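Right, one structure below, let's go through it.
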2 protein chains.
Amino acid sequence: MAQSAPVEPRVRRTQAERRDESARNLLRAATEVIAGQGVTAATFEAIGARAGYSRGLATQKFGSKQGLIEALIAWLHARQDEVLGAHGVDAMPGLEAVLTYVDLYLRDLGRQDEGRAYFMLLAGAVADRSLLRAAFAASHERVERRLEAMVLRGQAEGAIRREMDADAAALMIGSLLLGLSIQSLIDPDMDLEPIRATTLATVRLSFATTP
Amino acid sequence: MAQSAPVEPRVRRTQAERRDESARNLLRAATEVIAGQGVTAATFEAIGARAGYSRGLATQKFGSKQGLIEALIAWLHARQDEVLGAHGVDAMPGLEAVLTYVDLYLRDLGRQDEGRAYFMLLAGAVADRSLLRAAFAASHERVERRLEAMVLRGQAEGAIRREMDADAAALMIGSLLLGLSIQSLIDPDMDLEPIRATTLATVRLSFATTP
DNA sequence: ACTTAATTGTTGGATGACAAGCAAGTGTAG
DNA sequence: CTACACTTGCTTGTCATCCAACAATTAAGT
C-alpha cells in the first residue's frame, strides 16, 4: 500500500494551512529583505514579491505596517530564544554559564538573517525614536535578568567575586554583546575570532575569584 | 563720538557672516530635531523651521539631503573629538589612559543632543544599510587605533598584561561603549553610575598585571 | 557720498516619486 | 456554491528636489 502518513507535501491544503503558511512566508520574506536591503526597503511591495504574493496581502494579514513589524519582532525574538536557550546554560555553574552564553552568542554573530534583521529593526527604532523602543528594552531586560541570575549563582558558589554588582555586570555584558552586534553591522568584515577570545578572557579574569 | 569698536551685534552683516551663520544654525537645528524627534522627522521643513529659515535653504546650502547628513556627521564628529580629546588622555600612562577615557565617555553619555544625534544617525545608517556606514566604520577605526595605542603603551610600561591582544581589546572596549550608548537610547532611564563603576573595575581587573 | 548694476542669500509654489491604506474585485478550496 | 485567501486599482499623504522670484549685500561708476 502507499504511504499512509501524509508527511509529504500534499497538493491540497486546508485553508488554515494556507493561511499559516503565507503568514510565515511573509515574515521570512520580511526578514530577508530587511537583512539584505535595509528597513526602509522593506515595503509591502518588496516583501510581497519576495514571498511570492502581492503587495496587499501583508496589510490584510497584519492590519498595518506597524502590525507587521510588531509580529516580526515577536517572531524574531522567539527564534533568538530558541537558539540561545536550548544549550542548558541555565543549569550550569554561574561563571561557566556566563562564559558559555557569551561564547555561543559571539559564535553566530551576524551569521543568520534573523539576527541581523533583529538588530536592524532595533537600530531603526532607535533612529526614529519609535515606540517600539519599549519592546526592545523589555526584551533586553529579560536577557539581563537571566545574566544577573547566572552572576548571582556564581557568587553563591564562590566562583564569582562577591564585590561585583550583579545587576550592573549583567547590563555591562548585555551592552557589550549589543555593541558587538551593531559594530558587526557597521563593519561586516571584522574578524570576530580574536574578539571572542579576548572577551572571554576579560570576563573570566575580572569575574572569577582569585584564590 | 560714537562707539568705534563694532563688537555689538551690527544690523548689517557681511554675506560671509550670513552664510556661515545660517549654515551653523541649520546644523544645530538638525541636531536638535534628530535628538528630539528622530531621524525620519528631520525633514527640510522641520529643520528649516527650527533654525528660523525656510525649507529651501538647506537644499541650497548642502546640495541634497545626503549632503546635509554628511556635513552633519562631520560636524558632530569634530565636536566629539573636541570633548574626548582635550583631557590629555594620550599623555597618560597606558592603563590610566584607558580607564580615564572610559570614565570620561560614560560620564556624559547621552547628556547632550550632539552625542545622541550622532548615535541616532548611526542607527539610521545601520537600519537602512546606508553607504554612510563606511563613514561610521572609519570613525570607529580611529577611536580603536587610539585605544590600541594606549593598551600597547600600558604593556610596554608593564602595567597591562602582555598576553592581551591589544587590537581585540581596543575593539572590545569600543564596542562596549557603543553598546552602552545604544542601550541608553533604548532605555533613557537606565542608571549609568553603577555601570560606570563596574565597567572600570572590570577593565582594571582584567587588564592590569598582577604582581 | 550717492546711485545703480551685479552678485549672493533666501523663499515658497510646483512637481514627481513613492508607499501605506482601502475597498471592490477574482479565484479557489471545502 | 459560499466563505475565505488573495489581488488590483485607487486615494491620500509625505517628502526631496527644482526653479523662478525676492531681498540683502557688494562693487562699480559718477
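From a predicted model like this one, the values you see are computed outputs, not experimental measurements. The figures that follow rest on heavy atoms only: side chains count, while hydrogens, waters and symmetry mates do not. Lettering follows sequence order; numbering is per chain, from 1.
Between B/Tyr53 atom OH and C/dT11 atom P there is a gap of 8 Å when expressed in whole angstrom units. One can place CZ of B/Arg19 at 5 Å from P of C/dG9, the figure rounded to the nearest angstrom. In this structure, CG of B/Leu26 is placed 13 Å from C1' of C/dT11, rounded to the nearest angstrom. When rounded to the nearest whole Å, the span between CZ of A/Phe62 and P of D/dC6 equals 11 Å. Following rounding to the nearest Å, B/Leu57 (CG) and C/dT11 (P) show an atom-to-atom distance of 6 Å.
Between the side chain of B/Asp165 and the main chain of B/Ala168, a donor-acceptor pair closer than 3.5 Å is present.
When the nucleotides C/dG9, D/dA5, D/dT7 are ranked by their closest atom to the side chain of A/Ser54, D/dT7 comes out on top. In the set D/dC6, D/dA5, C/dT10, C/dT10 carries the atom at the smallest distance from any side-chain atom of B/Lys61.
No more than 12 heavy-atom neighbours from other residues, nucleotides or ligands sit within 6.0 angstrom of CD on A/Glu45. No more than 12 heavy atoms of other residues, nucleotides or ligands lie within 6.0 Å of CZ in B/Arg204, so this atom counts as exposed by the packing criterion.
Across all their heavy atoms, A/Ala46 and A/Ala41 have their closest contact at CB-O, 3.5 Å. Taking both residues in full, the closest heavy atoms of B/Ala125 and B/Leu132 are given as CB-CB, 4.3 Å, listed atom of the first, atom of the second, then distance.
Each of B/Gln60 and A/Gly56 has a nearest nucleotide on DNA chain C; the 5'-most of these lies closest to B/Gln60.
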Annotated protein contacts, base or backbone, on nucleotides 9-16 of chain D with a non-hydrogen cut-off under 4.0 Å, one of B, S, - each: BB----SS
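A donor and an acceptor atom, one from each side chain of A/Thr31 and A/Asp113, are nowhere located under 3.5 Å apart.
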